[in-house]
Amino acid sequence: MSFLPFVFANPMMLAALVTLPAIWWLLRMTPPKPVTEVFPPLRILASVLKREETPSKSPWWLTLLRMLMAAAIIFAIADPVFNPRSNTLSESGPLALVIDNSWATATDWERRVETAEALIGDAESRDLPVSIVFTADSEHNAVPGSAATARTRLAAASPQPLRPDRLPAINALKTALNGTTPGTLAFLTDGMEAGDDKVMTELAALSPANFRLIEGGGDQAVAITNSANDADSMVISVSRLDTADARTLPISAYDTRGRAIANGSLFFAAGEGVAKGTLAAPFELRNDFARIAIDGAATAGGTFLLDDGFRRRRVALLSGEARDQSQPLLSPLYYINRALAPYADLVQPNEADLAVAIPDLLAQKPSMLIMADIGRLPDETYAPVTKWIENGGTLIRFAGPRLAAAPADDPLVPVTLRQGERALGGALSWSQPQPLADYPALSPFAGMPRPEGILVKRQVLAEPTADLSSRTWASLADGTPLVTTKAQGAGRIILFHVSAEATWSNLPISGDFVEMLRRSVQLSRGGGVASEGAAQGQTLAPYRLLNADGVLISETGRARPLEITAGKTPVSSAENPPGLYGSEEGFTALNLLPRDAQLKPIDATGLPASYTSEPLIGAEAWSLKPSLFAAALVLLLIDSAIILFIGGAFARLRIPTAAAIILSIAAGALVLLPGQSLADDSKPGDETILGRLDRTHLAYVVTGEAEVDRLSERGLAGLTEFLTYRTTLEPAPPVGLDIATDELSFYSLIYWPISANAPMPTPQAISRIDAYMRAGGTVLFDTRDQFSSLGTSSGTSPNSERLQAILGDLDIPPLEPVPTDNVLTKSFYLLSNFPGRYSGSPLWIEAQPDNGSQPTGRPARSGDGVSPIMITGNDFAGAWAIDSSGAPLLPTVPPDEQQREYAYRSGVNIMMYMLTGNYKADQVHIPALLERLGQ
């Protein structure tokens, strides 16, 4: 370290100190204290004739105060200076200047120029050649020349919005010196390590006679290194160079017009080089952030640019399954929600009716819509969803039983699907679960390592087409697509050929699932932004560049287009300075520092040669003159106050007393008068709703045919009476429902007698039934015609044709006859079939997945295993119907009272199945069932 000498700029002025004794003598004399005279005038006249008085002397402490003031003025005029500059350049060789002109030098560039000019002037006075290089420039000319040439090059230099690239500059200096040893080597640095840890070693290897390390205010450098748009706020990561003291920095967010729209702060504790701050703002306002800046740090490092990739997307979620709060891990949306919650604003519908839910979600302007196992949408929703996609929305769909059973001409899938799914042991099957293959180079998943341990046991297959490979983002080891996509208008449709929960594969429980969804979300548009970001493999021209002061400018200079390569994060350089690349319609932000970089000081330990550390010239020599003049002024003010006090000026002041202010507060109380009652807030129909919720009701659909509705009501009345006498369940009287207007969620089971003569339900009514089934309710369709198969086009009755028309507008899962081991066969009675008035038709329910992977015992299915749909043709209500005296209304076919008994038992099993789910599937009931079967 260099010694800091002390000199006087005007030493002759110190001769004035000899006048201090005279000043002491003069200051000791003061005029007499003023006397206050009181009226009347006669007393004044009497006191006119006074004896002569001599001045008294001032107190010694007041004289000392005035002497100090005089000495301060004398010393200030003498101008004492600490560490004055002196020409100490070595004459053994040329002067070599290595100057950092990086982003961190923008705040004190003028002082750096003054320091370099002073060194160049010293070299000129000693007739030494000067070699000068700038570490942030792309070209270097280090050939030693005259001081005038060096001064010209210094004037033309300016800070660059880049990190210093020192090794090329040092190599150019070595080449230019050509073995000549520099006399003085001055390194004007920003003080930060820039990836070239050997910079001090390389400079010391030049063996200069005098090695100087000159640092400026770079120790106060701060830079924003990352930004994350979290659920409630924008989180900002900042790094600093000097970690000695605690420090608080204000941060602000600006929109595209440069207006500050949010403010926050971050705090550095002592010894910490990294800190995080937050900018709390609503979701929509955070999506308007265009750049974030540290207030008072006008540098390229203190500014962080944002593009569409930093905007938090709003993602709408839809599921084809009913929500099961007791088994959340089986919900199709559970893993999607957990994967996207840190990266997106997730919204879910409040209505189960898709005809209502989808328009409500689209009205919230989501960037992405995710559908988990939804096969068929209401007809009126296809048009708005398609328009939303063409305007830039992204639709992600996940497969499942419903999608596998959906029509092949679905317009909202990216590829043509085969009917059914591919499963272990199925018709479209393979012997072993399939792993994933490497991701294609043009896929947004490119750069991710091929996942290990992920196996797919079931999937929906795509029909082979010529462009299938170009639409595939991920595939299995055998080449079958796992993720496919299709661009539609300005938007995109993406299909995962597996389910969103872990029944078809273990992909949803892996970390690759989170990364795949995150990258897919980043491809979608941010709210209110027309850009989709840069596609993989695209080259973007410079649009707006950041200068060293952190300001976006339109001049692009020599900047080259930015190449976006899959799996590679762009890094700022001289060819690609930080800024925005693209166009006004869409751009990508390139910031100065890599994500989560840290500012570190230059390592100067273990050098082969000694060096001296110096500050910049502006802080090197400093004068005491301003401080001494300020001290003299303070002493003058103190002296003036003392004189005023001695003269009695403060004694004549009177402090007025403030009048007392009395505040009276009047408080009012609201009193309920005798006999006055509270207003009744009940609404019309509340008594009916409370009555329906008080007890369990069996419900049936009112078809509009009087005879059919009468038999439905009497049939459910007969089943209600049978339940009351044979079980602990005591239902209330049955209820007839208008599915277009009545609330359906009060009833766990709705009996729907199909009649070809009844009016066809409206699309809105069918949509409400679909929402009821999706929310966990079950509809029992009864064609009352004893049909024995589904989907046949010949030999069907008019009632069956009407049922097919109704089911064509519903999103139903695959169906199968009740298996022999299903819970329906043992929920209360042990049954092998389910007869009604007829006995030839099977009872159809949702097909259970059975690929050999399910363990024995209770099946793990959402909704507690209850099928949302049942279909029969056996006319249950006709077998249950009774008159007012309890006698059957209709005979069974063939006449058999034992068949009627089993019809009632079928109804009991159905009701117990609806109320208890797959409770009887537990292994604990097996001994009791085996004992019953043995009897």
Can you tell me how far the [atom1] atom of [X] sits from the [atom2] atom of [Y], to the nearest 0.5 Å?
X	Y	atom1	atom2	result
F187	E614	CZ	CD	14.0 Å
W473	L442	CH2	CG	11.5 Å
I236	I292	CD1	CD1	3.0 Å
D549	T303	CG	OG1	9.0 Å
L590	S573	CG	OG	8.0 Å
M368	L523	CE	CG	7.5 Å

Contact between [X] and [Y] at the side-chain level, heavy atoms closer than 4.5 Å - yes or no?
X	Y	value
P508	R338	no
R112	L616	yes
N337	Q348	yes
D242	R247	no
N263	P250	no
I214	L119	yes
R163	M192	no
E215	L213	yes

Heavy-atom neighbours of K600 NZ exceed 12 at 6.0 Å
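No - once you tally the heavy atoms of other residues, nucleotides and ligands closer than 6.0 Å, there are 12 at most.
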Above 12 or not: heavy atoms from other molecules or residues under 6.0 Å from NZ of K387?
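12 or below, so no.
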Contacts of [X] that satisfy side-chain hydrogen bond (donor to acceptor under 3.5 Å, both in side chains) - sequence neighbours left out:
X	answer
T105	none
T484	H497
T485	R492
D295	S252

Please lay out, stage by stage, how L206 and K174 fare under the test side chain to side chain contact (heavy atoms under 4.5 Å, CB included).
CA-CA 8 Å; L206 294 175; K174 290 180 180 179; 3.5 Å; yes
[X] versus [Y], closest heavy-atom pair with distance:
X	Y	value
F268	S239	CZ-C, 4.3 Å
V238	V222	CG1-CB, 4.4 Å
L592	S572	O-OG, 2.7 Å
L162	P577	CD2-CA, 4.1 Å
I336	A500	CD1-CB, 3.7 Å
T394	S524	OG1-CB, 3.5 Å

Residues forming a ring pair (Phe, Tyr, Trp, His ring centres under 6.0 Å) with Y439, sequence neighbours excluded
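F445.
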Audit row: M200, D603, side chain to side chain contact (heavy atoms under 4.5 Å, CB included) steps and yes/no:
CA-CA 8 Å; M200 293 294 291; D603 185 10; over 6 Å; no
Backbone N or O of [Y] within a donor-acceptor pair of the [X] side chain at under 3.5 Å?
X	Y	answer
D345	R314	no
S233	V235	no
W388	L395	no
R286	A281	yes
T556	A559	no
R544	L552	no
R397	P414	no
S131	A142	yes

For [X], enumerate each residue passing the side-chain contact (heavy atoms from CB on, under 4.5 Å) test, keeping only those at least two apart in sequence or located in another chain.
X	value
E563	T539
Y343	V514, R518
R560	E575, N576
T135	V98, D100, N101, P164, R166, A169

Output, in order, the C-alpha distance, side-chain angles, deciding distance and verdict of side chain to side chain contact (heavy atoms under 4.5 Å, CB included) for N591 and I224.
CA-CA 9 Å; N591 286 291; I224 302 176; over 6 Å; no
Give the C-alpha distance, both sets of side-chain angles, the deciding distance and a yes or no for side chain to side chain contact (heavy atoms under 4.5 Å, CB included) between F289 and L279.
CA-CA 10 Å; F289 290 177; L279 290 170; 4.3 Å; yes
Relative to the ring of F496, is the ring of F513 parallel (under 30°), tilted (30 to 60°) or perpendicular (over 60°)?
perpendicular
Filter on side-chain hydrogen bond (donor to acceptor under 3.5 Å, both in side chains), then keep only pairs touching residues 265-279, sequence neighbours left out; what's left?
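Of all non-adjacent pairs touching residues 265-279, those that pass side-chain hydrogen bond (donor to acceptor under 3.5 Å, both in side chains) are S237-K276.
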Residues which pass salt bridge (charged side-chain N to carboxylate O under 4.0 Å, His left out) with D438, listed by chain and number, not counting sequence neighbours
R450
Does the ring of Y254 carry R291 above it, NZ/CZ under 6.0 angstrom from centre and within 45° of its axis?
yes
Do any side-chain atoms of residues 150-161 form donor-acceptor pairs under 3.5 angstrom with protein atoms, and if so which ones, sequence neighbours left out?
residue: R151; atom: NH2; partner: E124; partner atom: OE1; Å: 3.0
residue: T152; atom: OG1; partner: A148; partner atom: O; Å: 3.0
residue: R153; atom: NH1; partner: I132; partner atom: O; Å: 3.1
residue: R153; atom: NH1; partner: N141; partner atom: O; Å: 2.4
residue: R153; atom: NH2; partner: I132; partner atom: O; Å: 3.2
residue: R153; atom: NH2; partner: N141; partner atom: O; Å: 3.2
residue: S158; atom: OG; partner: Q160; partner atom: NE2; Å: 3.4
residue: Q160; atom: NE2; partner: S158; partner atom: O; Å: 3.3

